[in-house]
Amino acid sequence: AFADGTKLIDTQNYIRANYAPPNKEFFGLAKGRNLILVSLESTQDFVIHSKMNGKEITPFLNQFMKESYYFSNLYHQTGQGKTSDAEFLVENSLYPLNRGAVFFTHSSNTYHSLAKSLQDHGYYTAAMHANNKSFWNRNIMYKAIGYQKFFSSTSYTITTDNSVGWGLKDIPFFEQSIDIIKKLSKPFYVKMITLTNHHPFRLNVEDRLIEEYDSNDSVVNRYFTTVRYEDEAIKKFIQKLKDEKLYDKSIIVLYGDHHGISENHQAAMSQYFEKEITPYDTFNLQKIPLIIHIPGITDHGRGITFSKVVGQIDIRPTLLHLMGINTRNDVQFGHDLLSPSYKQHVIFRDGRFVTDQYLWTANRCYLRKTGTEVDVRRCKPFIGEESRVFMYSDKIIYGDLLRFYKARK
Ligand code: GP9
Ligand code: MN
């Protein structure tokens, strides 16, 4: 599929050899629907189905995921580019860079993004985020990703009353977004990014739907309240989609971008979990939720929780296949999570990895399911395997090699 194939032969061979064909049972289940993709700021998976002082932290999501495909072992793979790295992974199924943010360093590259694939199939594409448009260089990078329109802070009514912390609160963000969304030409793809659950997790008293946690760490204490608020915002948003008759014709996808509580908050976290936090636990705190909701398909008792070990890199092919779009010739490093040939092996820049059986971190090998530390030799066959994949992915970014890509029809 390359005009200048010489630069990419190894990479393409690697990608072809590892291609995971779609699962016939799932392929095209959301064909022709609007795609509403929501990036959930700093939302880790441990809050799901958990309680804090007896109260559910995500009561709405806990119900919603029963009516969805939910991936309970999905690890984020972001680096210094944080939210933007998550966006990059999801759009392109390429790995963000080892250092810096690819949104800044390679914003004039050609990408064959999710947005572009959908646009090729007749979709109108837009991104919505109530922050300054140049944050993370989005105003430039979004052109390369190919969103036809970026609704940033200037598209929203932002006042001191409806703001907190980083800006517009999530509830008014979704409310105002609905007015924009309902006017878009259909089918559409909108990528929305929440903001309230961002460090340092500030919230007005009237928006606190649960009490703060009671450790010595005010950041961790507040985190629970902003996650609870975000949950409420999503609940209201889904209701609005129903009110506006947008719900039935859409596929709604929610994913956490990266962790919100860093390793600097171990004491409060071990108080919360009532146990010492080991490197194994730290690794698993890198899990974020992925919820794929297809009205009429995944609801009415047909939701499925998938416990396979997966990564953010896999979201793009999974969504495209659900939407009935082939990715056989795409240059992507993720695999369709619903494919029968999906291989559980998630890699990270610092050499850590996790497979169905093992978890490798801090030069220790653990059994993934139990956290039992085992002889490093058990992990040996996988150690270092990631470097070749990152080399291929980086080569594409550094060489801007997708400019040679021509989609085969
Ligand atoms: C800012 C928001 C937060 O617009 O996406 O970015 P983060 O600090 O999480 O990367
Ligand atoms: Mn973020």
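Each ligand, and each atom within it, is numbered from 1 in the order the structure gives.
The shortest non-hydrogen separation linking V376 to C365 is CA-CB, 3.9 Å.
Counted by atom type alone, T58 and D231 present zero donor-acceptor pairs between their side chains at under 3.5 Å. Side chain to side chain, T159 and D161 fail the donor-acceptor criterion of an N or O pair below 3.5 Å. Under the 3.5 Å distance criterion, with hydrogens and angles disregarded, a donor-acceptor pair is assigned to the side chains of D45 and Y70. For the residue pair E41 / T196, no side-chain donor-acceptor distance below 3.5 Å is found, with atom types taken as modelled.
Here the shortest heavy-atom distance to atom 5 (O) of ligand 1, taken over R138, H258, K82, E87, belongs to R138.
The nearest protein atom to atom 9 (O) of ligand 1, hydrogens excluded, is given as T83 OG1, 2.6 Å; this is a heavy-atom distance. The single protein non-hydrogen atom nearest to atom 8 (O) of ligand 1 is H198 NE2, 2.8 Å, given as residue, atom name and distance. Residue, atom and distance of the protein heavy atom nearest to atom 2 (C) of ligand 1 are H129 NE2, 3.7 Å.
The name of the N, O or S atom in D257 nearest to the Mn ion (ligand 2) is OD2.
Between W166 and ligand 1, a contact under 3.5 Å exists for no N or O pair. The N/O atoms of S84, backbone and side chain alike, include none that comes under 3.5 Å of an N/O atom in ligand 1.
Residue contacts with ligand 1, taken as heavy atom pairs separated by less than 4.0 Å, do not involve H199 at all. When heavy-atom distances to ligand 1 are checked against a 4.0 Å cut-off, N131 comes that close only through its side chain, counted from C-beta outward.
Cation-pi geometry between R352 and F283 is satisfied (NZ or CZ under 6.0 Å from the ring centre, within 45° of the ring normal).
Every atom of ligand 1 is numbered from 1 in the order shown, and the set under 4.0 Å from a heavy atom of E41 is 3 (C), 9 (O).
One of the N, O or S atoms belonging to H258 lies under 2.8 Å away from the Mn ion (ligand 2). Taking 2.8 Å as the criterion, T83 counts as a coordinating residue of the Mn ion (ligand 2), since one of its N, O or S atoms falls below it.
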Query raised in the report: Would M192 and T194 count as a side-chain contact (heavy atoms from CB on, under 4.5 Å) if you check the C-alpha gap in whole Å, the side-chain angles of each, and the deciding distance to 0.1 Å?
Result: CA-CA 7 Å; M192 312 174 81; T194 68; over 6 Å; no
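F173 and H129 have their aromatic ring centers separated by at least 6.0 angstrom.
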